Amino acid sequence: MVIPKAACLPLAAAQKRSVMLLMAAVMAAFGAAEGEESGGAQPRIVSIGGELSYRVMQLVNTVGANAGLDIYVRNINWDDRRTINREWNHRVSAEALVTITPKERIYFRLGYRAGQGAGLSECRAVLSNNAFMLEGGILKFRYNPDARNLGEYLILSGAYPGFVFSGREWANNVGLHLRTTLGPHLTHDVLALVELENIPFNDISLVYIASYSPARALTLGAGVSFHRLIPFNPDLTTPPPENAGGEQIEFTHRGVKLMGRMSFDVKPLLGSPGLFGPEDLKIYAEAAVLGVKDYPVYYDNIRERIPVMVGLNVPAFNILDYIAVEGEWYGSPHLNTTPLRHYRAIPIEPDIGDRDDLKWSVSIKRAIDEHIAVYGRVANDHLRTEDASGGVSERELMMAPENWYWSIAVTLTF
Amino acid sequence: MQQKEMEPVVYRNFLRILLTILAAFVATAAAKPVTVTADVGFRWDFMQIMNSSSAPINETSDSSWLNKFWITNIKSSLLIKSRIGENVTAFIKLYALAQFTVPFNNNNMVQQRSGGGGLDEALATYRFGAADSLSPALTIGKFCFDYTREWQRLGGYLFRTGVYPGYILSTYIDNRIMGGYLSVRLPTTLTHRLFVTVEYEQKPLNDITLTYLGEMESAGARLSAACMLHRLLRTDQGYYMYSAGSPMIAIEEWSDGGKKKYYPRAGVKLVGRILYDFQTLIKSARLGANDLQIYVEAALLGAQNFPGYYNKITERVPVMAGITLPAFKVLDLAGVEVEWYGSRWRNNPSWLGVPVPKETYIARPDGAGYVFVENPATEDAGPKSKEDNIKWAVFVQKDVKNISLGLHAASDHFRAPQDIGYQQRELLLTPREWYWQATLHTRF
């Protein structure tokens with residue numbers, strides 16, 4: 001678990017209805033799959049859990065304009081990039097989790113998270129057996145368990161523009177997810193996701209991710225995302241052509257994203273000495289293509305759409321659970337903004353140039369016991385502020401290499 | 001207890017805390033029993049402002065627009081409590097709210113409807129040593145804390161006030177603090193609490209405050225004394241916010257040998273409170289548990305004088321007194337409170353972020369605002385700055401099983417509710433301006 005946590009989804013009423021209808025459909029599918037129960041109805045088991053978190057953060061150096069981490073995001077003044085040095089932020093957040101297990105292989109989970117904003121953190125129905133796991137609703141999904149801060153590009157990103165995120169433990173997605181283990185050492189994840197975080201909303205993406213683990217020490221993964229394959233409003237997903245750079249060009253936010261990753265544990269080569277912790281000496285990497293097709297003017301060079309991250313778990317010798325050092329290179333010439341107001345790519349300021357291509361992060365964790373954990377981070381990453389609606393700001397706070405922040409969080413889980 | 005006898009206890013408690021922290025870094029995971037319970041709470045506040053001269057924002061003339069104005073708050077809460085092992089307890093309170101309150105801007109002259117939900121409180125407590133109330137405990141989170149009685153309307157100055165300016169909030173506003181405190185009982189009749197809190201409501205944000213609160217209970221008397229180093233650690237956000245030339249935030253300055261200075265919004269706050277339960281002397285089965293309690297509280301909102309606005313210490317000393325009347329179990333509570341606070345200025349935390357009370361109660365001739373204070377050393381905020389010195393409250397309460405019904409009328413530091421917080425402006429400016437409130441509260 002890393003901090004800050006993913007923003008929860010402040011769904012509008014219509015979107016909540018969509019989620020509930022989706023869950024109802026999944027529940028109906030479960031009912032059909034299960035068939036009639038012999039004997040009497042099984043008792044429903046309801047369990048309540050929660051999590052509390054206290055985080056302290058200091059933006060040691062940032063170019064975020066008026067980027068005070070107040071409760072409400074202020075209007076970002078694009079022309080005013082006064083550096084806010086040593087700005088502090090304290091945040092208390094909590095999550096309530098309710099799990100209902102009506103039958104042995106089915107459960108429903110509802111999570112509500114509140115802190116700076118508030119909203120649903122998860123709302124899903126899950127059916128699982130030895131062969132597969134099917135879930136639907138608001139999902140908490142990760143495909144790269146090694147990445148502590150950077151990475152997770154395939155789903156946590158856009159295409160045209162290819163914005164990326166960091167520090168989000170989960171991708172808050174709504175849709176269906178099927179996981180199977182067909183084939184030796186293989187895991188397949190198929191997802192149909194509804195876009196509810198970034199405009200244009202309600203487009204449906206199809207994602208396939210495969211993970212291959214021929215040995216405990218090695219994992220290879222690959223994935224493809226048909227991003228916004230089914231547009232909800234085609235005119236928003238592919239706006240009318242615009243005049244750019246003297247030519248008429250078509251924009252679209254649809255695209256095909258590709259991902260490849262690997263994870264290698266060095267310890268078996270050393271005989272797996274007990275000196276090291278389970279996470280020590282893991283090397284991992286991930287790369288993605290955020291749109292395989294070139295478009296004129298803004299997206300004419302595929303290398304500018306390829307983020308690459310590499311990570312290493314430095315030996316912590318069981319004093320800490322992990323010390324994850326990560327680096328990322330992403331050569332996009334555009335601002336890494338989410339399209340809250342603008343669909344198109346915005347060229348990065350000339351004085352920044354390609355200085356924002358490199359990001360880095362050092363994350364640590366120490367579990368006090370099974371309920372309490374302490375997390376720490378020092379990074380220059382894609383940090384965004386959280387707003388009162390539970391979302392994140394469109395603009396990231398770390399751009400130049402000299403920008404960085406640190407944070408410490410204590411979490412209690414029950 | 002003699003000093004020498006106390007020392008081993010002090011050292012034992014200190015060692016307990018230190019060893020626990022050190023052990024945390026070498027401890028291996030161990031399964032602990034976890035119990036979780038959930039409650040649902042419901043609260044309905046029904047208020048009517050009977051008389052207020054407070055004008056809408058951007059207007060300055062005395063107004064009657066708030067007379068007979070209704071305010072409604074409907075709030076539900078989900079409370080989740082957990083005990084983890086012997087030493088850890090956690091508490092999460094989430095809320096959902098529907099609200100009809102005073103319009104925040106001048107364009108909307110009817111009620112403002114709002115609603116929302118989120119985090120009300122979240123805290124965790126770790127008890128060092130034996131899991132009993134005598135062991136030291138560390139509490140961290142965002143939570144309501146009050147050293148006064150829960151039904152008190154005035155007072156509670158420690159966490160409901162500021163310094164420079166010394167604004168006061170009424171106790172009906174839930175007093176949430178963010179941070180933590182260490183609680184130690186030594187000896188058993190004396191509770192020491194050391195708070196480290198973070199400013200998260202009034203700008204500049206994230207300043208850190210250190211507070212000591214001591215409470216002693218003996219022979220029917222309860223004595224509380226506190227010293228707060230308000231905004232002891234000031235973040236750079238404060239100085240950035242007050243940078244010269246900012247169009248939104250002006251600076252009040254005074255000359256001290258030609259060197260420019262600024263009012264700090266930080267200072268030392270002292271609070272003392274005493275409550276005496278006369279039922280210690282007058283024992284009667286006819287009296288209710290809350291009857292015949294008398295309490296007095298006083299505070300000093302900023303120990304240091306500054307030229308200009310804060311040149312008289314007596315203008316920074318609010319004093320309140322209250323008594324619960326015999327209700328003979330017909331009611332569970334009936335009481336009266338009064339307060340005197342001789343501040344010359346408007347009781348608002350800030351005016352557009354300006355750290356000093358620049359506005360008077362006097363309307364400008366062109367009606368485009370209030371007259372500014374020109375010479376704070378010799379001026380005040382106008383006639384109402386003296387009239388607003390007196391506040392009063394009367395209240396009753398009846399509990400039926402797990403339902404609590406309350407009714408009170410007051411001319412206090414009333415501010416319109418805004419979500420689970422409050423609007424900045426105080427709306428009741430003289431003792432003749434008042435409101436009443438009915439509250440229904442239940443939990444199951």
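All figures in this text were calculated on a predicted structure; none of them were measured in a lab. Residue numbering restarts at 1 for every chain, and letters A, B, ... go by the order of the sequence lines.
Highest contact tally toward chain A, considering only B:Leu78, B:Val36, B:Asp120, is held by B:Val36 [criterion: heavy-atom pairs under 4.5 Å]. Between chain A and the residues B:Val34, B:Leu94, B:Ile92, the most heavy-atom pairs under 4.5 angstrom are made by B:Ile92. Of the listed residues B:Gly179, B:Gly85, B:Gly116, the one with more heavy-atom pairs under 4.5 angstrom with chain A than any other is B:Gly179. Put simply, of B:Ile80, B:Ile84, B:Leu123, the one with the most heavy-atom pairs under 4.5 Å next to chain A is B:Ile84.
Remark: B:Lys75 is positioned above the aromatic ring of B:Tyr95, its terminal NZ or CZ atom under 6.0 angstrom from the ring centre and at most 45 degrees off the axis.
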### Task
Decide ring-ring contact (aromatic ring centres under 6.0 Å, His included) for A:Tyr322 and A:Tyr375; before the verdict, give the C-alpha distance in whole Å, the side-chain angles of both, and the deciding distance to 0.1 Å.
CA-CA 10 Å; A:Tyr322 61 73; A:Tyr375 298 85; 7.3 Å; no
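Under 4.0 Å is where a charged nitrogen must lie from a carboxylate oxygen, and between B:Lys32 and A:Asp369 at least one such pair does.
For B:Phe128 and B:Tyr126, the distance between ring centers is under 6.0 angstrom. Taking the six-membered ring for Trp and the full ring otherwise, the centers of B:Phe195 and B:Phe159 sit less than 6.0 Å from each other.
Of the two parts of A:Ile48, the backbone and the side chain both hold a non-hydrogen atom closer than 4.5 Å to a non-hydrogen atom of chain B.
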